[in-house]
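To start, the structure itself, in structure tokens.
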Amino acid sequence: MRKHIVAGNWKMNKSLQEGVALATELKEMLAAQKPNCDVIIGTPFIHLATVSELLKDSVIAVSAENCADKESGAYTGEVSASMVKSTGAEYVILGHSERREYYHETPEILKEKVDLALANGLKVIFCIGESLEEREANKQEAVCKAELAGSVFHLTAEQWKNVVIAYEPIWAIGTGKTATAEQAEEIHAYIRSCVAEVYGAEVADETSILYGGSCKASNAPELFGKPNIDGGLIGGASLKADDFKGIIDAWN
Ligand code: 13P
């Protein structure tokens, strides 16, 4: 059975102290009531070491939100995959639409990042998804397939075991506008069929595909109730322990 996952993406929010407080609150909540899914929190780089240490003996895994497309050296301000790994973090989120759009990350750059992340023992949460314009032109399937082909479909089946896909329609991110569970299920099923074309049905069946975009406690049960939706990648609602726990509880 593939993994069910609820992952938070804090984005550029929380001071170190605020992040530690949130991670502590979540750790206590999930120690008191064990989650029925894997739980990951994605934090800014500066939180990673402290939060990883804090969550060492907990059920919560830690993720970076990015890593460099170069191994090491004179790249001022960048953070490499091996540095992320050395903090104790297990995952890295790559391909987020905010990084593609605001920081001009191309499929080629993302491919480098994916390769370096995996080579350094990180698992990758790889994000794909179409814009509103693309959805209105009914291009969502072509966009998702091209994003996968451009950055992750060169991986071996062995490497693929360390990849989680997150489908995040750009028009639903931070807008309060969620894809309907039917819309999300339709494209998730399509994404799984693309994975099956490359890696076979068995591997596709083991691949976790998360939904992201205005996911909250109120709509998570319906989304997660669909056969091809294996959890969520959560932005805004991961910034408060109660809100995030409400989404985790959708798996109960
Ligand atoms: P929101 O949950 O705030 O819409 O963000 C989704 C997201 O981008 C997670 O990566």
Side-chain angles (χ1 to χ4, degrees), residues 4-14 18-19 22 26 37-45 47-48 51 60-67 84 89-103 105 110 113-114 117 122-132 134-135 140 143-144 147-148 151-152 163-181 183-184 187-188 191 208-224 229-251:
H4 294 155
I5 301 172
V6 173
N9 175 9
W10 291 359
K11 308 192 179 182
M12 197 174 72
N13 292 295
K14 306 278 176 200
E18 289 165 347
L22 174 55
L26 274 171
C37 63
D38 283 16
V39 176
I40 304 167
I41 55 177
T43 82
F45 289 131
H47 300 66
L48 289 176
V51 169
I60 309 170
V62 178
S63 177
E65 300 174 14
N66 184 23
C67 70
V84 169
E90 273 180 65
Y91 288 84
V92 59
I93 298 168
L94 293 173
H96 196 283
S97 57
E98 288 153 14
R99 302 248 16 126
R100 292 179 194 262
E101 184 179 350
Y102 307 140
Y103 302 97
E105 295 192 1
L110 290 169
K113 294 189 178 202
V114 166
L122 293 168
K123 294 177 192 150
V124 172
I125 301 172
F126 191 74
C127 306
I128 58 175
E130 80 286 353
S131 64
L132 183 59
E134 289 161 341
R135 166 65 65 163
Q140 62 275 13
V143 169
C144 289
E147 288 181 341
L148 292 167
S151 308
V152 289
V163 175
V164 172
I165 300 297
Y167 167 68
E168 300 205 313
I170 298 167
W171 47 272
I173 297 177
T175 58
K177 202 173 165 186
T178 326
T180 64
Q183 278 174 323
I187 186 98
H188 277 231
I191 293 163
S208 298
I209 306 177
L210 314 184
Y211 169 79
S214 299
C215 184
K216 39 191 184 286
S218 58
N219 57 29
E222 200 189 346
L223 287 159
F224 299 174
I229 303 180
D230 307 313
L233 181 56
I234 319 299
S238 72
L239 297 173
K240 283 196 191 137
D242 285 329
D243 294 349
F244 194 53
K245 173 75 163 44
I247 298 172
I248 293 166
D249 287 345
W251 282 118

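Just so it is clear, the structure is predicted and the values come from calculations on it, not from any experiment. Atoms within each ligand, like the ligands themselves, are counted from 1 in listed order.
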Filter the ligand 1-protein atom pairs down to N or O on both sides and distance under 3.5 Å, then list them.
from     : atom 1 : to   : atom 2 : distance (Å)
ligand 1 : 2 (O)  : G235 : N      : 2.9
ligand 1 : 3 (O)  : G236 : N      : 2.8
ligand 1 : 4 (O)  : G174 : N      : 2.6
ligand 1 : 4 (O)  : S214 : N      : 2.8
ligand 1 : 5 (O)  : K11  : NZ     : 3.3
ligand 1 : 8 (O)  : K11  : NZ     : 2.8
ligand 1 : 8 (O)  : H96  : NE2    : 2.8
ligand 1 : 8 (O)  : E168 : OE1    : 3.4
ligand 1 : 10 (O) : N9   : ND2    : 3.0
ligand 1 : 10 (O) : H96  : NE2    : 2.9
ligand 1 : 10 (O) : E168 : OE1    : 3.2
ligand 1 : 10 (O) : E168 : OE2    : 2.9

Excluding sequence neighbours, so at least two apart, what forms salt bridge (charged side-chain N to carboxylate O under 4.0 Å, His left out) with K14?
-> none
Go through the structure and list residues passing ring-ring contact (aromatic ring centres under 6.0 Å, His included) with F244, not counting sequence neighbours.
-> none
Contact check, side chains of L94 and C67, non-hydrogen atoms, under 4.5 Å | yes
Side chains of residues 229-239: which donor-acceptor partners sit under 3.5 Å, not counting sequence neighbours?
from : atom 1 : to   : atom 2 : distance (Å)
D230 : OD1    : R2   : NE     : 2.7
D230 : OD2    : R2   : NE     : 3.1
D230 : OD2    : R192 : NH2    : 2.8
D230 : OD2    : I209 : N      : 2.8
S238 : OG     : I234 : O      : 3.2
S238 : OG     : G235 : O      : 2.7

Determine the interplanar angle of the H188 and Y167 rings, folded into 0 to 90°, and report it as parallel if under 30°, tilted if 30 to 60°, perpendicular if over 60°.
-> perpendicular
I125 side chain reached by V92 side chain, heavy atoms, under 4.5 Å = no
